[in-house]
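In what follows, every heavy atom counts, from backbone to side chain, and hydrogens, waters and symmetry copies are set aside.
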Amino acid sequence: MERHTIGNYFNKMKSKASVILDDDKQTGELITNAEKKTETAQNNSGLRELITQVRSLIRLVKHYRDGTYREVSKKSMMLVVAALLYFVSPIDAVPDFLVGIGLLDDAAVLAFLYKTIKEEIDHYMEWEEKEQTIKPAP
């Protein structure tokens, strides 16, 4: 019998990530779903850091998708997509409807992701900051 662990669920998401990353429509749907979930969760002050991290990953996927930022490995992008898939999935190790603890596993996945590809995320964040100072907001 398969154990329901964060690692098992995340591995399932990793297996889907490559297909989604290569399909603009599916990537767009993932972005939309992740944005909706961050909007829903933003009212919880305890989740502010988690939501900030997820939003930065969403922006990374958008920039990667439209070709404006490609200084990240495909393997790392697959991990980012897998983390977003895990975040939006209603079925994971700890169901999100369990108020107070439902997003703890999502936070654990994000912590793993940030630890694993910290340099690439930091590089992206630096690039994004430079882009914001160069281009005035519309």
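Closest non-hydrogen pair, F87 versus V54, comes out as CE2-CG1, 3.7 Å. Residue M78 comes nearest to S18 through the heavy atom pair SD-CB, 3.8 Å, listed as atom of the first residue, atom of the second, then distance. Here the shortest heavy-atom pairing between Q53 and S56 reads O-OG, 2.7 Å. Scanning all heavy atoms of the two residues, the minimum distance from A34 to L84 falls at CB-CD2, 4.3 Å. Pairing each heavy atom of T68 with each of W127, the nearest pair is O-CZ2, 3.3 Å. Taking both residues in full, the closest heavy atoms of S89 and K37 are given as O-NZ, 4.4 Å, listed atom of the first, atom of the second, then distance.
No more than 12 heavy atoms of other residues, nucleotides or ligands lie within 6.0 Å of NZ in K36, so this atom counts as exposed by the packing criterion.
Between the CG atom of D22 and the NZ atom of K74 there is a distance of 3.5 Å, given to the nearest 0.5 Å. Of the inter-residue distances, the one linking S76 atom OG with E119 atom CD reads 10.0 Å to the nearest 0.5 angstrom. To the nearest 0.5 Å, atoms CG (L57) and OG1 (T38) are separated by 11.0 Å. A distance of 11.0 Å separates CZ in R65 from CE in M77, rounded to the nearest 0.5 Å. The line from CD of E29 to OG1 of T27 is 9.0 Å long, rounded to the nearest 0.5 Å. From I51, atom CD1 reaches atom CG of D106 across 9.0 Å, with rounding to the nearest 0.5 Å.
Look at R59 and E131 and you find no salt bridge, because none of the NZ, NE, NH1 or NH2 atoms lies under 4.0 Å from a carboxylate O.
Side-chain atoms of Y124 never come within 3.5 Å of backbone atoms of H63 as a donor-acceptor pair (strictly under, hydrogens ignored). Under a 3.5 Å cut-off, the side chain of T52 and the backbone N or O of R48 do form a donor-acceptor pair. Distance alone, capped at 3.5 Å, places no donor-acceptor pair between the Q26 side chain and the V19 backbone.
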Inset, instruction - Starting from the C-alpha separation in whole Å, work towards a yes-or-no answer on side chain to side chain contact (heavy atoms under 4.5 Å, CB included) for I20 and L85. - result: CA-CA 10 Å; I20 289 173; L85 282 168; 3.5 Å; yes
Legend entry - Criterion side chain to side chain contact (heavy atoms under 4.5 Å, CB included) on Y114 and I121, from CA distance to verdict: CA-CA 7 Å; Y114 272 77; I121 292 173; 3.6 Å; yes
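Tested against I117 for a side chain to side chain contact (heavy atoms under 4.5 Å, CB included), the candidates D122, V80, V72 yield a single pass: V80.
You'll find the side chain of L30 reaches within 4.5 Å of the side chain of V81, heavy atoms only.
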